Number of protein chains: 2
Amino acid sequence: MAKLDQTNQKILRELCRDGRVSNLDLADRVGLSPSACLRRVQELERSGVIAGYRAVLDKAKLGVGFVAYVTVGLNRHTKDAQEAFERAIARAPEVTECHNITGAVEYLLRVEAADLGAYKSFHTDILGTLPQVNAITSYVVMGSPKDDRA
Amino acid sequence: MAKLDQTNQKILRELCRDGRVSNLDLADRVGLSPSACLRRVQELERSGVIAGYRAVLDKAKLGVGFVAYVTVGLNRHTKDAQEAFERAIARAPEVTECHNITGAVEYLLRVEAADLGAYKSFHTDILGTLPQVNAITSYVVMGSPKDDRA
DNA sequence: GTGAAAATGCGGAAATATCGCAACAAATGG
DNA sequence: CCATTTGTTGCGATATTTCCGCATTTTCAC
C-alpha cells in the first residue's frame, strides 16, 4: 500500500476537489516537479487508493427534483430473499444507494426521482410489488447542508 | 440549458464511468469527431450539467473501516438551533453527509470512522456534547450492495 | 424549396502527459 | 564511519492530446 505522507494527502485533496486538474497545475499546488507528481499519482492509482475518476452531474438539471431515504424490511431473512431483493434493486435506476444496515429493518435506500409523482410510482409499482418486502418507510430529503459525496 | 439528446447522454454516461477519459477516446465511444465531442463536453460544463470532476478514493485503504447512518433529533425546532447544529456538523470531518429529512427526527447523517472505537468517540464527544441534540440513533452499515455515488 | 442557425469534421499550433536517465537523499549493514 | 542499497527527485526529449479557426454539412422553420 502506498504510504500517505503529507504530499500524497495534498494530492488526494486536490484530486477530490478537481479530478481533471492538469498534472502541471497539480505539481505546482503540491510543490513537486511534474514528473515526480505524476509518478505519485500513478502509484496512487495502481495501488487502488484512487479507485477512479467521475464526472459529478447536477441532478437537478437532469430532472431529479425529489430525493428520499427509504428503509426497507424483509419478511424473510434468508439469503435467497436478500439476494432476490438486491437483484431487483440493482435493476432500479431510481435507487442510487442500497445499504445493508443493523437495526429494526435490513436496508436503507437512497432514491432519486423526477418529482413526488414519479416517486409514488416507484414506491407502488416497484418496491410495493417485491414479494420479499415487508415494511417501507420514506424519509423525504428537504435539503442537504453537507454532502461531500455529491 | 443544454438539451440531452442521445449523444449527450452517452457522453455523460462515459464521463461518469471514467471522468478522465481522453477526448479522443470519448469521441470514439460516442461516435463523434474529437472537436465536435469536445464542444459538447464544454457546453455541458458551461451549462452546469457537469458540475465538476472528482477522484474517487478507496476509503477502506485510507483507514475508514466503519460507516454508519445516524438519525438525529433536535430538542428545539428553531432556526437558530438548526443553524448551530449544521455549523457543528460542517466542522466534523467524520460526517460526510447531512440531510434534512421529514419524519420523526430532523437529520440523517452519514458518518465514516476508522473503527468502532473511533465512532464511539465521535458519538460521545462530538454528537453527544451538542446542546441542540436530543435523540441519536445509529444504523451501522454492514455492506452496500449498490452505491452509485461512491 | 430557401435561408438562417446550429452542428460537424479537418488540420495545425500550443499545451500536456509520459518516460528514460542521472543526481540526490535516506536507510541498511559491515 | 563508510559503502551499498533503495527510493525519490528533477531534467529533458518525445509522443500524445487539447484546443481553436475555418469551411462544409445538417437541421429546422417558414
Side-chain angles (χ1 to χ4, degrees), chain A residues 1-65 93 114 148-150, chain B residues 1-65 93 114 148-150:
Chain A
M1 181 151 110
K3 66 185 174 206
L4 288 177
D5 59 8
Q6 209 159 357
T7 304
N8 274 2
Q9 285 180 23
K10 269 198 218 171
I11 288 176
L12 292 181
R13 214 176 313 128
E14 289 297 327
L15 285 178
C16 281
R17 242 183 13 93
D18 178 6
R20 260 198 152 171
V21 64
S22 80
N23 185 56
L24 262 57
D25 280 357
L26 183 60
D28 246 7
R29 288 184 206 168
V30 303
L32 281 181
S33 74
S35 59
C37 182
L38 182 64
R39 281 174 175 280
R40 279 172 178 263
V41 171
Q42 288 174 332
E43 174 59 19
L44 288 167
E45 290 168 347
R46 195 205 55 75
S47 67
V49 173
I50 296 176
Y53 299 90
R54 296 213 182 155
V56 181
L57 306 186
D58 185 335
K59 290 297 181 67
K61 292 196 172 158
L62 292 172
V64 172
D148 290 350
R149 307 204 313 156
Chain B
M1 179 153 110
K3 65 183 176 208
L4 288 177
D5 60 9
Q6 208 158 357
T7 304
N8 275 2
Q9 287 181 22
K10 269 198 217 168
I11 288 176
L12 293 181
R13 212 175 316 128
E14 289 297 326
L15 286 178
C16 282
R17 241 182 16 93
D18 178 6
R20 258 194 154 174
V21 63
S22 80
N23 185 56
L24 263 58
D25 281 358
L26 183 60
D28 246 8
R29 289 185 205 167
V30 303
L32 280 181
S33 75
S35 59
C37 182
L38 182 65
R39 283 167 134 85
R40 279 173 179 261
V41 171
Q42 287 173 333
E43 174 59 18
L44 287 167
E45 290 168 349
R46 195 205 53 75
S47 67
V49 173
I50 296 176
Y53 299 89
R54 296 217 180 148
V56 181
L57 306 187
D58 184 335
K59 290 295 181 68
K61 292 198 173 158
L62 292 173
V64 172
D148 291 351
R149 307 205 313 157

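The sequence lines fix the lettering, A, B, ..., with proteins before strands; numbering per chain opens at 1. A quick note: this is a predicted structure, and the numbers were derived from the prediction, not measured.
Closest heavy-atom contact between B:E14 and B:L26: CB-CD1, 3.5 Å. Contact between A:V56 and B:R54 at its shortest, heavy atoms only, is CG2-CG, 3.6 Å. B:N23 approaches B:C37 most closely through the heavy-atom pair OD1-SG, 3.6 Å.
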Verdict with supporting geometry, B:R40 and B:E43, salt bridge (charged side-chain N to carboxylate O under 4.0 Å, His left out): CA-CA 5 Å; B:R40 279 173 179 261; B:E43 174 59 18; over 6 Å; no
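Using a 4.5 Å heavy-atom threshold, the side chains of B:L12 and B:L4 count as touching. A 4.5 Å side-chain heavy-atom check between A:V41 and A:E45 finds at least one atom pair inside the cut-off.
Inter-axis angle, ends of the helix from C:dG1-D:dC30 to C:dG30-D:dC1, five pairs per end, rounded to 10 degrees: 50°.
Between the CD1 atom of B:I11 and the C1' atom of C:dT8 there is a distance of 13 Å, rounded to whole Å. Rounded to a whole Å, the CG atom of A:N8 is 12 Å from the C1' atom of D:dT8. Atom CD in B:E43 sits roughly 15 Å away from atom C1' in C:dA5 (whole-Å rounding). Rounded to an integer number of Å, the gap from CG of B:L32 to P of C:dC10 is 12 Å.
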N/O contacts under 3.5 Å, protein versus nucleotides 17-27 of chain D?
residue	atom	partner	partner atom	Å
D:dT18	OP1	B:N23	N	2.5
D:dT18	OP2	B:N23	N	3.2
D:dT18	OP2	B:L24	N	3.3
D:dC22	N4	B:R39	NH2	3.4

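When atom types are taken as modelled, the side chain of A:K61 and the backbone of B:S47 share a donor-acceptor pair closer than 3.5 angstrom.
How far CD of A:Q42 is from CD1 of A:I50: 10.5 Å, rounded to the nearest 0.5 Å.
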